[in-house]
Protein chains: 2
Amino acid sequence: MVSETPPIRVLLADDQALVRGALATLLGLEPDIEVVAEVGRGDEVVSAAVQSGAHVCVLDIEMPGIDGIEATAAVRARLPGCHVLIVTTFGRPGYLKRALAAGATGFVVKDTPARQLADAVRRVHQGLRVLDPALATSSLIEGESHLTERERDVLRLALTGTTVADISVRLHLSQGTVRNYLSSAIGKTGTHTRYEAARVAQERGWL
Amino acid sequence: MVSETPPIRVLLADDQALVRGALATLLGLEPDIEVVAEVGRGDEVVSAAVQSGAHVCVLDIEMPGIDGIEATAAVRARLPGCHVLIVTTFGRPGYLKRALAAGATGFVVKDTPARQLADAVRRVHQGLRVLDPALATSSLIEGESHLTERERDVLRLALTGTTVADISVRLHLSQGTVRNYLSSAIGKTGTHTRYEAARVAQERGWL
DNA sequence: AACCGGCCGTGACAGATGTCATCCGTGTCA
DNA sequence: TGACACGGATGACATCTGTCACGGCCGGTT
């Protein structure tokens, strides 16, 4: 028979072993796809991609070490010929925006039907965009941060429960100033407390 | 050849289609396991279990409709011969405690290696316990709620951002009383704000 | 040069938050 | 029967939170 196209070499990264193993099994059943590496941490992605000669990296976002978006940027910098498909639980507009900025070719959420994953891998391998139009639209609308740099500074600290007093010390500002930035951020996120504001900003990818 | 044992009929419930499909593929490769139903909502579990004649239900916890623990109780009530294996992202002691109380035979987290899932299904099918000893210990220690009924009442409302004024109206208490219960709950959970207290209590399964 | 808008920064203030001391009713125990 | 512990409930109070009005600086526009 005519020579076959060599299979697409795929690296899988997900911190949940069960999910990773199941996805490896799913993709491994495709005749034209071969899972050549599996890692559970973001900071293992690049070396594993290099060693395994992966054509496509399928990355979750929330992982120990570095996250999947940071791993994406690292992979693209080190292996320009290697494409990245982000597969994540949360279809956050901010995630999509940052992932594309980091060089990801595709972005799917775990709500996607399983049979579409292999097709997404094939398309990404060919350099074609794979992403949900609704999510893209939402990213366009929500993804644009309206926070100033200082507002982001104080929200990041607020995210970890740091008091106004501590934030003012850390950023060399008066407490009134910190409260004013927090208040402004609360308004821009449409929330009622700094905790909600920080969480919403993070979900939108503004932090 | 000698007659084979009929395969174990398994129902899969997970709101993430990709994960569910991948797990179905993984389990479907086992000669003695047959995936007979897949659902994405907790409130579809019972009817699907009945229709498919499932021997084992593999349930995620966080799903639309009712959660996997409520679904467990419903399955056990309706089909006493059907065993439940909980497969969840968060190995929260409170979840384990509530799952066992609801009648689950097994409880694994998604950090488990993929190859152990089929074995877990087989063991659960035989009525054997499947759970992580470390998680069981942690559940024993943390899972016991130290909150009073009223503290739980106010924390549940605090979880959704309800103000003290609203909580006092809803529970027919004075605002001072509500603050006192919130303060007590903050102390018992070792936190600093009612938001943290509510979140920690939920994680521990105290709510 | 003058004006304007936005960001950065500040302090005053009203209202919200969490702590504390206290009281009452109920159940348990000696 | 009396003492005690506990949960439920309350209000006073110190502190914190978020809003608001304001000023300075900078860059862009007229």
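What you see is a predicted model; the values in this text were computed from it and never measured.
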Collect all protein-nucleotide pairs involving nucleotides 22-28 of chain C in which both atoms are nitrogen or oxygen and the distance is under 3.5 Å.
none

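Taking atom CD of A:Glu196 as the reference point, atom C1' of D:dT17 lies 14 Å away to the nearest angstrom. Following rounding to the nearest Å, B:His172 (NE2) and D:dG8 (C1') show an atom-to-atom distance of 16 Å. Per the geometry, CD belonging to B:Glu151 stands 14 Å off P belonging to C:dG18, to the nearest Å. A straight line from NE2 of A:His146 to P of C:dG5 spans 20 Å, rounded to a whole angstrom. Atom CD of A:Gln175 is separated from atom P of D:dT19 by 17 Å (rounded to the nearest Å). Here the C1' atom of nucleotide D:dC16 and the CZ atom of B:Arg194 are 12 Å apart, to the nearest Å. Remark: C1' of D:dT15 and NE2 of B:His192 are 15 Å apart, rounded to the nearest angstrom. Between A:Leu147 atom CG and C:dC8 atom P there is a gap of 11 Å when expressed in whole angstrom units.
For A:Tyr195, the listed nucleotide lying nearest its side chain is D:dT17; candidates were D:dT17, C:dT17, C:dC8. The side chain of B:Arg179 has C:dG18 as its nearest neighbour among D:dG18, C:dG9, C:dG18.
Residues A:Tyr181 and B:Gly176 both approach DNA chain D. Their nearest nucleotides, taken by heavy-atom distance, put B:Gly176 toward the 5′ side. Comparing B:Gly187 and A:Glu149 against DNA chain C, the residue whose closest nucleotide sits nearer the 5' end is A:Glu149.
Backbone-only contact: B:Arg150 has heavy atoms under 4.0 Å from sugar-phosphate atoms and none from a base. The residue A:Ser183 sits close to a base: some heavy atom pair falls under 4.0 Å. Looking at heavy-atom distances under 4.0 Å, A:Thr148 makes contact with sugar-phosphate atoms alone, never a base. Note on A:Ser174: only backbone sugar-phosphate atoms sit closer than 4.0 angstrom, heavy atoms only; bases stay farther off. Nucleic acid contact class of B:Thr163 (heavy atoms, under 4.0 Å, all strands): none.
Taking OH from B:Tyr95 and OG1 from B:Thr88, the interatomic distance works out to 6.0 Å, rounded to the nearest 0.5 Å.
Remark: B:Arg129 CZ is packed, more than 12 non-hydrogen atoms of other residues, nucleotides or ligands lying under 6.0 Å away.
Between the side chain of A:Thr25 and the backbone N or O of B:Leu26 there is no donor-acceptor pair closer than 3.5 Å.
Closest non-hydrogen pair, A:Asp43 versus A:Gly65, comes out as OD2-CA, 3.3 Å.
Side-chain contact check for B:Asp60 versus B:Gln16: every heavy-atom pair is 4.5 Å or farther apart. Residues A:Leu23 and B:Leu18 form a side-chain contact, since some pair of their non-hydrogen atoms from C-beta on lies under 4.5 Å apart.
Residue B:Thr177 has no polar side-chain atom (N or O) positioned under 4.0 Å from OP1 or OP2 of D:dG8.
Ring geometry for A:His125 against A:His55 counts as tilted: the plane angle lies between 30° and 60°, on a 0 to 90° scale.
Applying the salt bridge (Lys or Arg N to Asp or Glu O under 4.0 Å) criterion to A:Glu38, with sequence neighbours excluded, gives A:Arg20.
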